[in-house]
Amino acid sequence: MPSHPTLRHRADADRLLRGLARPPEKAAPWLLGKLLVRRGGRHPVAARIVETEAYLGEGDPAAHVFRGRTPRNAPLFGPPGTVYVYFVYGMHHCLNIAVDREGVPGCVLIRAAEVLGGADGRDTLIGRGPGRLCRVLGLDTRLSGRHLFDPDSPLTLQDGPRPRAVGVAPRVGITKAAERLLRFFDEDSPAVSRR
DNA sequence: GCGACGATACTA
DNA sequence: AGTATCGTCGCT
């Protein structure tokens, strides 16, 4: 077992990468409970993921890559753990994580997370909805294309407490393939979109 | 170069 | 239902 901190972090990243290196419909529920850690500000901010959606790649009419690769969606073709952030409706950013294998553009949209406030964890802020989550974590398109486990990454992933129960529902806000149950959420979280 | 539209979220 | 608000992409 590695005892040096750097080696241990490396081992943690490898384990998380194995979770991400699977098809979106597997990786999306697996991501529930994991912690997004935002660095770059005065203090790191951690947010516990409580709601995700799977986007299946070129065969999924609701996916950004449905009509093929473009400069914007290119990060989705990167290795698992690559960050894809896009801008919608002239005001919101949405965070995605590329999953599966490099060259296979499946991804997971992070729809909600509980931002852990003070050291005591008492004042829990919620980022309900992908737009608000990005606003609360200060994420924008400058992060798109970066990788969660790069040494100096401003956004990383850590292990966290798994949910007691996982709910399944249709994806939010799409018109195509709207019936598919590809949205996953922590049933106990108040931060989940209410729809 | 142009225009339609979107993986949003709030208010009424 | 209405709306704020703009980057992206397909098409001309």
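Naming convention: chains lettered A, B, ... in sequence-line order (proteins, then strands); numbering from 1 in each chain.
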- request: Please check if any side-chain donor atom of A:S189 sits under 3.5 Å from a side-chain acceptor atom of A:E114, or the reverse.
  value: yes
What nucleotide, of [options], holds the atom closest to the side chain of [X]?
| X | options | answer |
| --- | --- | --- |
| A:M91 | B:dC10, C:dG7, C:dA4 | C:dA4 |
| A:P130 | C:dC9, B:dT8, C:dA4 | B:dT8 |
| A:R67 | C:dG10, B:dT8, C:dC6 | C:dG10 |
| A:C94 | B:dT8, C:dC9, C:dA4 | B:dT8 |

Quick one: [X] [atom1] to [N] [atom2], roughly how many Å, whole number?
| X | N | atom1 | atom2 | result |
| --- | --- | --- | --- | --- |
| A:E179 | B:dA7 | CD | C1' | 15 Å |
| A:R183 | B:dA7 | CZ | P | 16 Å |
| A:F87 | C:dA4 | CZ | C1' | 11 Å |
| A:L56 | B:dA7 | CG | C1' | 13 Å |
| A:Y86 | C:dC9 | OH | C1' | 15 Å |
| A:L76 | C:dT8 | CG | P | 14 Å |
| A:H64 | C:dG10 | NE2 | P | 12 Å |
| A:I110 | B:dA7 | CD1 | P | 17 Å |

Indicate, with yes or no, if the rings of A:Y55 and A:H64 have centres closer together than 6.0 Å. no
With respect to the phosphate group of [N], does any side-chain polar atom (N or O) of [X] fall under 4.0 Å of OP1 or OP2?
| X | N | value |
| --- | --- | --- |
| A:R72 | C:dC9 | yes |
| A:R135 | B:dA9 | no |
| A:R111 | B:dT8 | yes |
| A:T70 | C:dC9 | yes |

* Between A:R146 and A:D152, is there a salt bridge with N-O shorter than 4.0 Å? ->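 Yes, charged N to carboxylate O under 4.0 Å.
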Whether A:D60 and A:R171 form a salt bridge (side-chain N of Lys/Arg under 4.0 Å from carboxylate O of Asp/Glu) is what I want to check. yes
Heavy-atom nearest nucleotide on DNA chain C for A:T141 versus A:H92: which residue maps closer to 5'?
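Per heavy-atom nearest nucleotide, the more 5' residue is A:H92.
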With a 4.0 Å cut-off on heavy atoms, is [X] in touch with a base, just the backbone sugar-phosphate, or nothing at all?
| X | value |
| --- | --- |
| A:R171 | nothing |
| A:Y89 | base |
| A:L109 | base |

Under the 3.5 angstrom rule, does the side chain of A:N73 hit a backbone N or O of A:G68 as a donor-acceptor pair? yes
- Pairing partner of B:dA7 (Watson-Crick or G-U wobble, both distances under 3.5 Å):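 Partner of B:dA7: none found under 3.5 Å.
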For C:dT5, the nucleotide meeting Watson-Crick or G-U wobble distances (both under 3.5 Å) is none
> Is it true that atom CZ of A:R15 has more than 12 heavy atoms of other residues, nucleotides or ligands lying nearer than 6.0 Å?
Replying inline: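 Counting other residues, nucleotides and ligands, CZ of A:R15 exceeds 12 neighbours.
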A:Y55 aromatic ring stacked with six-membered ring of B:dA7, 5.5 Å and 30° =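 Answer is yes, a stack.
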> How far, in whole Å, is B:dC10 from C:dG7 if one measures between their P atoms?
Replying inline: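 Approximately 22 Å lies between the P atom of C:dG7 and that of B:dC10.
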